[in-house]
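All remarks here apply to the structure that follows.
We count ligands from 1, going down the list as the structure has it; atoms in each ligand are counted the same way.
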Amino acid sequence: MSTIFEKILAGEIPANVVYEDDDIFAFHDISPQAPVHVLVIPKKKIRSFSNLKDSEIEFVGRYMSGVSKVASLLKLDDSGYRVVFNHGKDGQQTVDYIHAHIIGGRSLTWPPG
Ligand code: 5GP
């Protein structure tokens, strides 16, 4: 079954797009938890963070590098930000398509809830 992010990627559901290239797609979260809350997904589907270990290292590198690039485009490098990957039930993953949350624009608390 197709996830909501596959539908966004296919243009079937609208999204507020931040950045796109051959490897990644970045868009604003529909329910932002901070002034800046952007999701970055690879165009090639990976179900979750735990599945990354089965992926080609070059692909993983391009994805991670892309997340860093998007954070820079969002002008968060100086103020700082957090990158979160939720995995599985305890991690509160709700969409079965890997996504990096880039969260910033305010001072974040630690530990997370
Ligand atoms: P998870 O809990 O799986 O780590 O994060 C899924 C994220 O996707 C949530 O932060 C949620 O707000 C976001 N989300 C769910 N549905 C949509 C949607 O249709 N559009 C956008 N832009 N974000 C969504």
Cation-pi geometry met for Lys69 and Tyr19 (6.0 Å, 45°) | no

message: Set out, in order, the CA-CA distance, both residues' side-chain angles and the distance that settles side-chain hydrogen bond (donor to acceptor under 3.5 Å, both in side chains) for Asp77 and Ser72, then state yes or no.
response: CA-CA 6 Å; Asp77 284 342; Ser72 292; 2.6 Å; yes

At a 4.0 angstrom heavy-atom cut-off, ligand 1 is contacted by Ile4, Phe5, Ile8, Phe27, His28, Asp29, Ile30, Ser31, Leu39, Asn86, Gln92, Gln93, Thr94, Val95, His99, His101

Interatomic distance, CG@Asn16 vs CZ@Phe27, rounded to 0.5 Å, equals 10.5 Å

When rounded to the nearest 0.5 Å, the distance separating OG of Ser55 from OH of Tyr63 is 10.5 Å

Counting N and O atoms only, with roles assigned by atom type, does the side chain of Glu56 sit under 3.5 Å from a partner on the main chain of Glu58, one being a donor and the other an acceptor? no

Considering only distance and modelled atom types, tabulate donor-acceptor pairs under 3.5 Å from the side chains of residues 101-109, sequence neighbours left out.
residue: His101; atom: ND1; partner: His37; partner atom: NE2; Å: 2.8
residue: Arg106; atom: NH2; partner: Gln33; partner atom: O; Å: 2.8

